[in-house]
Amino acid sequence: LDNRPFVVPAALPGDDITPNKVVAFWSDGSKGIYIHANIWHEGVFPVTDQQRFLDRQGAVHARVSCDFGAEFGIYLAVPLPETM
């Protein structure tokens with residue numbers, strides 16, 4: 001809604017999520033991201049301090065949660081461009 005950049009971590013379907021299977025999708029904010037059913041994803045992370053999003057949930061919501069800090073002893077990081 002605010003036309004500002006954001007990042008969405010995602011991975012292929014499955015219960016065996018590991019840090020090396022996660023990729024991050026970057027949007028400059030001019031377009032949204034459509035996530036197909038069964039794709040593992042975390043929340044939408046704005047790059048700015050505040051941002052509003054329009055979220056549409058499909059008919060089925062099944063979540064495989066992962067606490068990377070607790071399960072693997074690491075945090076995921078996404079390098080951001082210097083200019084935004």
Side-chain angles (χ1 to χ4, degrees):
L1 295 173
D2 297 324
N3 200 26
R4 294 188 211 146
F6 62 91
V7 177
V8 178
L12 292 174
D15 293 341
D16 60 341
I17 186 76
T18 57
N20 63 328
K21 294 180 180 178
V22 178
V23 296
F25 290 92
W26 166 270
S27 173
D28 66 2
S30 64
K31 295 186 176 29
I33 293 178
Y34 178 87
I35 301 170
H36 286 274
N38 298 322
I39 296 297
W40 181 91
H41 61 284
E42 188 49 77
V44 177
F45 294 95
V47 176
T48 56
D49 288 339
Q50 294 183 10
Q51 193 161 340
R52 297 173 303 144
F53 295 93
L54 174 62
D55 179 22
R56 293 203 173 124
Q57 178 63 50
V60 177
H61 181 73
R63 180 174 168 96
V64 174
S65 296
C66 182
D67 182 341
F68 287 102
E71 292 186 41
F72 300 100
I74 65 165
Y75 292 105
L76 300 178
V78 176
L80 300 175
E82 290 187 30
T83 58
M84 290 182 276

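When a residue number appears, it is its place in the shown sequence, counting from 1.
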How close do [X] and [Y] get, heavy atom to heavy atom, and via which atoms?
X	Y	value
Gly29	Asn3	O-OD1, 2.9 Å
Arg4	Gln51	O-NE2, 2.8 Å
Gly69	Tyr75	CA-CE2, 4.4 Å
Val7	Pro9	O-CD, 4.1 Å

Please examine the side chains of [Y] and [X], heavy atoms only from C-beta on, and report whether any two atoms are closer than 4.5 Å.
X	Y	value
Phe45	Val78	no
Pro13	Ile39	yes
Phe68	Val22	yes

**Message:** Could you check whether atom CG of Asp67 has more than 12 heavy atoms from other residues, nucleotides or ligands sitting under 6.0 Å from it?
**Reply:**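 Correct, the count exceeds 12.
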**Request:** State whether the number of non-hydrogen atoms from other residues, nucleotides or ligands found under 6.0 Å of Phe25 atom CZ is greater than 12.
**Result:**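 No, CZ of Phe25 has 12 or fewer neighbouring heavy atoms, counting only those of other groups under 6.0 Å.
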Rounded distance (nearest 0.5 Å) linking atom [atom1] of [X] with atom [atom2] of [Y]:
X	Y	atom1	atom2	result
Phe6	Phe53	CZ	CZ	6.0 Å
Asp2	Leu54	CG	CG	11.5 Å
Cys66	Asp15	SG	CG	11.0 Å
Leu76	Glu42	CG	CD	8.5 Å
His36	His41	NE2	NE2	12.5 Å

**Message:** If hydrophobic clusters are built by linking Ile, Leu, Val, Met, Phe, Trp and Tyr wherever their side-chain heavy atoms come under 4.5 Å apart, do Val23 and Ile17 end up in the same one?
**Reply:**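 No, separate clusters.
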**Request:** Quick one: list whatever passes side chain to side chain donor-acceptor pair (under 3.5 Å) with Asn38, sequence neighbours left out.
**Result:**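 Not a single residue meets the side chain to side chain donor-acceptor pair (under 3.5 Å) criterion with Asn38.
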**Request:** Evaluate side chain to side chain contact (heavy atoms under 4.5 Å, CB included) for Trp40 paired with Leu12, printing each intermediate quantity in order.
**Result:** CA-CA 6 Å; Trp40 181 91; Leu12 292 174; over 6 Å; no
**Request:** Output yes when Asp16 and Lys21 qualify as a salt bridge under the 4.0 Å nitrogen-oxygen rule, no when they do not.
**Result:**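 Judged by the 4.0 Å cut-off on N to carboxylate O distance, Asp16 and Lys21 do form a salt bridge.
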